[in-house]
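Single-structure report; data block below.
As the structure lists them, so they are numbered: ligands from 1, and atoms in each ligand from 1.
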Amino acid sequence: MPAIAVIGGQWGDEGKGKVVDLVAEQADAVVRFSGGDNAGHTVINRFGKFALHLIPSGIFSPNATSIIGNGVVINPEVLFQEIDMLMARGIDASPSRLFISDRAHVIMPYHVILDGLEENLRGGRAIGTTMKGIGPVFADKIARQGIRIGDLMDRHNFMEQLRPMLDQKNLFLTRVFGSQPLSLTKIYKDYIEYGKRLKPYVRDTTVILEQALKEGKVVMLEGAQGTMLDPDFGTYPYATSSSPTAGGACVGSGISPRAITCILGVFKAYCTRVGGGPFPTELDNEIGDHIRERAHEYGTTTGRPRRCGWFDAVAARYSNRINGFTGMAITRFDILDTLETIKVCTSYKIGNKTITDFPSSIATLEKCKPVYEELPGWCTTTCDIRSFKDLPAVARKYVKRLEELVGCHANLICVGPERNQTIVKKAVI
Ligand code: GDP
Ligand code: IMO
Ligand code: MG
């Protein structure tokens with residue numbers, strides 16, 4: 001069985017952590033391939049409740065190897081905190097089963113500082129980033145001046161790279177932003193220490209993955225963020241800086257597109273988004289507040305309240321076009337249990353013009369008014385249901401309508417945050 005990608009279909013926080021934790025029970029390797037600690041993946045299973053930022057959500061599966069791929073950007077301090085937290089709670093995150101790509105880029109202190117300063121400078125047009133240094137580290141990667149995990153293993157070369165880099169960053173910090181310069185000695189010393197601790201974990205992870213695939217093992221590719229935050233296909237510039245899509249899964253892990261046979265799109269049964277940017281189905285009213293409070297829609301990484309809205313089938317269909325989903329996981333289904341009427345956006349309107357394809361320009365998107373279809377709610381608790389046929393008929397109808405609108409069938413319907421609160425409509429593996 002080759003590779004399975006689990007991809008956020010909306011604006012992130014769809015419940016990818018929960019879905020990966022569940023499917024990884026049958027996996028041999030789970031790879032994070034994009035983003036960094038801007039991600040926050042919640043997992044609730046028999047070991048407890050966890051918020052993971054860098055380590056794959058498959059770490060709880062005793063038979064699975066966990067890999068942080070080349071496409072991830074790593075803040076070493078955050079990684080060590082996560083490793084220590086897992087080890088303290090009895091989860092093995094040792095170098096015997098957690099591997100880190102030598103090609104992954106490193107988040108440096110100036111990236112985090114610059115993220116904040118650049119956001120301030122944007123004023124009313126701030127992106128609402130997670131302030132983890134994501135934009136600045138990917139900018140350095142693309143500008144071919146980043147520092148990679150492998151670079152930390154070589155003291156001499158690291159100094160040769162760091163010195164001119166820090167000269168440049170200190171110029172920006174002091175002359176552009178009027179901020180304090182950073183100390184070369186301190187950063188050098190800290191990162192050489194990080195390098196020593198990282199060393200046993202570091203590998204050319206493409207070799208491990210090639211071997212696993214050759215042996216017919218199940219490799220899972222765990223997406224971070226969501227397709228609508230993709231820097232090409234998302235609501236640019238209100239986007240993140242690496243690709244959360246199925247295409248990004250290949251680039252960020254070193255796996256061939258030919259190896260991926262299953263692309264599972266994760267969608268909430270409604271929509272949320274954190275940070276700035278257009279969100280056509282946003283509910284800036286009591287229904288939005290009701291969903292936020294009932295679902296506790298507050299960011300796993302930043303604690304910020306998430307903006308809530310109805311399911312946007314225009315965006316979801318577009319997301320399916322970009323990713324080619326072989327199936328969906330619909331999460332947070334139980335959150336709709338209390339609503340008498342549920343709306344789904346099937347097209348947009350600008351004046352008299354009907355729009356069915358997601359616009360590339362945010363100026364256009366901001367003018368779009370959602371056109372809704374109303375469906376009856378089921379007004380009964382679904383969190384203990386484990387079989388599709390036991391869902392109320394109107395709830396099954398809602399699933400069917402989402403399948404029609406998005407253009408692919410549902411594999412999983414999640415009716416609660418815990419691993420077992422899941423209806424398997426069609427097995428993923
Ligand atoms: P991720 O970033 O995609 O992994 O998602 P997050 O962990 O940031 O946010 C998803 C939230 O939804 C978490 O609090 C999960 O525990 C929770 N969750 C996932 N699936 C379900 C579900 O079916 N029902 C409910 N009530 N909560 C869910
Ligand atoms: P997971 O993996 C939701 C959003 C931020 C901001 C934009 C850019 O948990 O689904 P960045 O810090 O990446 O430069 O911020 O992207 N964002 C996320 N929103 N879930 C995430 O990750 C996100 N990662 C980034 O809120 O709007
Ligand atoms: Mg999240």
Proximity winner for atom 9 (O) of ligand 1, if only heavy atoms of R306, E14, R419 are counted: R306
For the Mg ion (ligand 3), every protein N/O/S atom that sits closer than 2.8 Å, waters excluded: D13 OD1, G40 O
Polar atom proximity, G12 to ligand 1 (N or O, under 3.5 Å): no
Ligand 1 to K268 polar contact by distance, N or O atoms, under 3.5 Å: no
Residue part near ligand 1, for V266, under 4.0 Å between non-hydrogen atoms: neither
Ion pair K268/E297, N-O distance below 4.0 Å: yes
Residues D312, R317: salt bridge by 4.0 Å N-O rule: no
Parallel, tilted or perpendicular: ring planes of F358 versus Y318, cut at 30 and 60 degrees: parallel
Heteroatom proximity flag, G15 to ligand 1, N/O under 3.5 Å: yes
Proximal atoms of ligand 1 relative to T300 (non-hydrogen, under 4.0 Å): 6 (P), 7 (O), 8 (O)
Numbered atoms and elements of ligand 1 in range of G17, under 4.0 angstrom, heavy atoms: 4 (O)
N-O pairing of E119 and R122 below 4.0 Å: yes
Residue-ligand contact G8/ligand 1, heavy atom below 4.0 Å: no
Which segment of D13 sits under 4.0 Å of ligand 1 when only heavy atoms are counted: both
Shortest protein contact, atom 15 (C) of ligand 1 (heavy atom only): T42 CB, 3.9 Å
Lys/Arg-Asp/Glu bridge criterion (N-O < 4.0 Å) met for R306, D13: yes
Polar atom proximity, G416 to ligand 1 (N or O, under 3.5 Å): yes
Plane angle bin for H296 and Y298 - parallel if under 30°, tilted between 30 and 60°, otherwise perpendicular: tilted
Test of proximity, C414 against ligand 1: N or O pairs below 3.5 Å: yes
Closest protein heavy atom (residue, atom, distance) for atom 26 (N) of ligand 1: D334 OD2, 2.9 Å
D289/R307 salt bridge by N-O under 4.0 Å criterion: no
Proximal candidate to atom 12 (O) of ligand 1 [heavy atom criterion; set H53, E222, R332]: R332
Close residues, ligand 2: non-hydrogen atom nearer than 4.0 Å: W11, G12, D13, K16, N38, A39, G40, H41, I127, G128, T129, T130, I134, A224, Q225, L229, A239, T240, V274, G275, R304
Any N/O pair K18/ligand 1 closer than 3.5 Å: no
